[in-house]
There are 2 protein chains.
Amino acid sequence: MRSDARANRDRVLAAAEEVFGESGNAGSTEEVARRAGVGIGTVFRHFPTKRALIKATIVRHLTLLAETARARGEGGEAGAAFRETFREMVSGAPAKLALVALLEEPADSTGSADEVEAAATMVRQAVEELLSRGQQAGEVRADATVDEVYLLIRALANARGDRTVVDRAVDIVLDGLSPRRSE
Amino acid sequence: MRSDARANRDRVLAAAEEVFGESGNAGSTEEVARRAGVGIGTVFRHFPTKRALIKATIVRHLTLLAETARARGEGGEAGAAFRETFREMVSGAPAKLALVALLEEPADSTGSADEVEAAATMVRQAVEELLSRGQQAGEVRADATVDEVYLLIRALANARGDRTVVDRAVDIVLDGLSPRRSE
DNA sequence: TATTATTCGGAGTGAAGACTCCGCTTAGAA
DNA sequence: TTCTAAGCGGAGTCTTCACTCCGAATAATA
């Protein structure tokens with residue numbers, strides 16, 4: 001791959017994250033091209049379809065998220081690690097709408113096994129890991145499952161609102177995820 | 001207004017709630033017309049713009065929500081009323097994506113004071129009422145504000161997922177909203 | 001530096017969808 | 001039953017995009 005090609009590919013991906021992060025699926029390919037400083041043709045050579053571009057963007061982001069989460073899992077304090085990751089995923093700003101877009105897409109009619117799904121699974125697994133460690137350490141309520149935690153993260157990540165309000169809402173949810181009185 | 005006109009208006013609104021409930025902003029006016037069993041022309045006579053149609057749909061729904069919530073507020077048990085309303089708003093199925101659409105719209109460039117905003121305010125006030133009663137009864141944590149509660153409702157209402165998972169997630173959040181140990 | 005395979009750019013194409021227009025239909029009054 | 005103002009339907013227009021195509025530009029190699 002020629003060096004200019006690779007550079008352009010990267011710039012397009014970065015621009016795509018910006019644009020789809022702001023406007024979701026409604027963002028146009030032309031806008032992505034403009035922000036990347038390339039022609040539309042270039043965008044479409046690297047990503048044959050708008051959908052492919054969005055997918056690549058999402059995969060890139062999810063992969064990053066999963067890695068960060070996994071790394072944090074290594075550290076000492078299980079409860080703190082869980083909570084920090086939770087907070088981080090919720091406020092990983094530009095990702096928000098991209099994730100919405102992901103959820104909106106109608107379950108990929110091209111039966112092909114999906115990269116996006118694979119990446120999402122990795123994130124989910126990382127969350128699961130953090131969750132169960134937190135539970136073992138007695139710092140997270142024992143009856144919470146990944147499904148619920150993952151859903152809460154997604155829900156909060158897509159919520160619009162003042163940063164401070166979101167933060168306090170997260171605090172409330174994390175309180176709900178703390179061990180029950182009976183435990 | 002002629003009787004057939006009124007009937008058609010109602011059918012269009014109902015169809016719109018269905019369509020936008022399923023597909024959000026992406027739902028087409030043509031689809032709404034088809035489901036309502038009328039021509040596109042009819043839709044556009046009643047609602048001069050797609051945006052106007054969506055707004056009318058949302059207003060209709062929000063008004064209903066606010067009324068239900070207010071009615072529930074009358075009842076006896078403050079804590080239960082708060083929690084029931086919370087649950088109900090989250091799972092008021094077809095509303096979900098319509099609300100998303102509302103949030104997505106770029107702050108109404110037509111400076112005109114907004115019906116939608118007015119309706120949303122009513123819902124918010126109903127929630128506020130329920131919240132503060134719950135707090136006075138000592139059944140809801142004292143430091144929670146409407147902002148946070150309202151955001152949590154919106155976030156959960158838009159969350160995709162199995163009904164049962166959503167329900168459990170709501171349980172967790174409501175636990176987070178229960179009085180703190182220190183109170 | 002010369003060569004060429006690769007990549008770039010952006011005008012052009014086709015499809016989708018919001019919105020308009022106007023001849024036809026009909027509710028409802030006389 | 002007749003009349004007509006109000007309402008209906010849907011073909012057609014216009015705009016916005018996703019995506020294609022190919023001549024111009026250029027990285028990499030000899």
Side-chain angles (χ1 to χ4, degrees), chain A residues 1-58 97-98 100-102 104-106 108-110 116, chain B residues 1-58 97-98 100-102 104-106 108-110 116:
Chain A
M1 192 174 211
R2 249 166 66 171
S3 65
D4 55 346
R6 164 149 303 282
N8 275 333
R9 207 191 117 96
D10 290 347
R11 293 166 69 193
V12 168
L13 266 184
E17 177 140 6
E18 251 187 63
V19 171
F20 297 124
E22 284 166 20
S23 324
N25 254 321
S28 74
T29 314
E30 231 169 317
E31 178 63 21
V32 173
R34 189 172 12 255
R35 292 212 204 171
V38 304
I40 321 185
T42 302
V43 176
F44 278 97
R45 188 158 350 82
H46 288 295
F47 308 95
T49 272
K50 185 188 184 183
R51 189 191 187 94
L53 173 56
I54 294 184
K55 278 194 182 179
T57 308
I58 294 174
L97 281 173
V100 172
L102 159 65
E104 272 171 8
E105 66 186 28
D108 206 310
S109 41
T110 65
V116 173
Chain B
M1 189 174 212
R2 249 166 65 171
S3 65
D4 54 345
R6 165 149 303 281
N8 274 334
R9 208 191 117 96
D10 290 348
R11 292 166 69 192
V12 168
L13 267 182
E17 178 140 4
E18 250 186 64
V19 171
F20 297 125
E22 284 166 21
S23 324
N25 254 319
S28 75
T29 314
E30 232 170 316
E31 178 63 21
V32 172
R34 190 172 10 256
R35 292 212 205 172
V38 304
I40 323 185
T42 302
V43 175
F44 277 97
R45 189 158 350 83
H46 288 295
F47 308 95
T49 273
K50 185 189 184 182
R51 190 191 187 95
L53 174 57
I54 295 183
K55 278 193 181 179
T57 309
I58 294 174
L97 282 173
V100 172
L102 159 66
E104 272 172 8
E105 67 186 29
D108 206 311
S109 40
T110 65
V116 172

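Letters A, B, ... mirror the listed sequences (proteins, then strands); counts begin at 1. Here the structure is a predicted model, which is why all the values come from computation and not from measurement.
- Atom-to-atom distance recorded for B:T49:OG1 and B:F44:CZ is 7.5 Å, nearest 0.5 angstrom.
- Taken to the nearest 0.5 Å, the CG atom of B:L13 stands 9.5 Å off from the NE2 atom of B:H46.
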Do nucleotides 25-30 of chain C as a string where each nucleotide becomes B, S or -: B if the base has a protein heavy atom under 4.0 Å, S if just the sugar-phosphate does, - if no protein is that close. -BSS--
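- One finds no side-chain N or O of A:T29 lying less than 4.0 angstrom from the OP1 or OP2 phosphate oxygen of D:dC17.
- The side chain of A:N8 contributes no N or O atom lying less than 4.0 Å from OP1 or OP2 of C:dT7.
- Counting to the nearest Å, the C1' atom of D:dC17 and the CZ atom of A:F20 are 12 Å from each other.
- What separates CD1 of A:I40 from P of D:dA18 is a distance of 9 Å, to the nearest Å.
- As rounded to whole Å, 8 Å separates atom P of D:dG7 from atom NE2 of B:H46.
- Summarising the geometry, the separation between CD on B:E31 and C1' on D:dG10 is reported as 16 Å, rounded to the nearest angstrom.
- Taking atom CZ of B:R34 as the reference point, atom P of D:dG9 lies 14 Å away to the nearest angstrom.
- Rounded to whole angstrom, the span from the CZ atom of B:R45 across to the P atom of D:dA5 amounts to 17 Å.
- Considering only the side chain of A:K50, D:dA18 comes nearest among C:dT20, D:dC8, D:dA18.
- Taking B:R6 as the reference, B:M1, B:D10 meet the side-chain contact (heavy atoms from CB on, under 4.5 Å) condition, with sequence neighbours excluded.
- At whole-Å resolution of the value, CZ in A:R9 and P in C:dG9 are 16 Å apart.
- Partners of B:R34 by salt bridge (charged side-chain N to carboxylate O under 4.0 Å, His left out), not counting sequence neighbours, listed by chain and number: B:E31.
- Regarding contacts with the backbone of D:dG9, a side-chain N or O of B:T42 is found under 4.0 angstrom from either OP1 or OP2.
- Counting to the nearest Å, the P atom of C:dA18 and the CD atom of B:E30 are 8 Å from each other.
- By the 4.0 Å N-to-carboxylate-O rule, A:R35 lies too far from A:E17 to be salt-bridged with it.
- For A:R11 (side chain) and A:A36 (main-chain N/O), a donor-acceptor pair under 3.5 Å exists by modelled atom type.
- In this structure a side-chain-to-backbone donor-acceptor pair under 3.5 Å is missing from A:K50 to A:S28.
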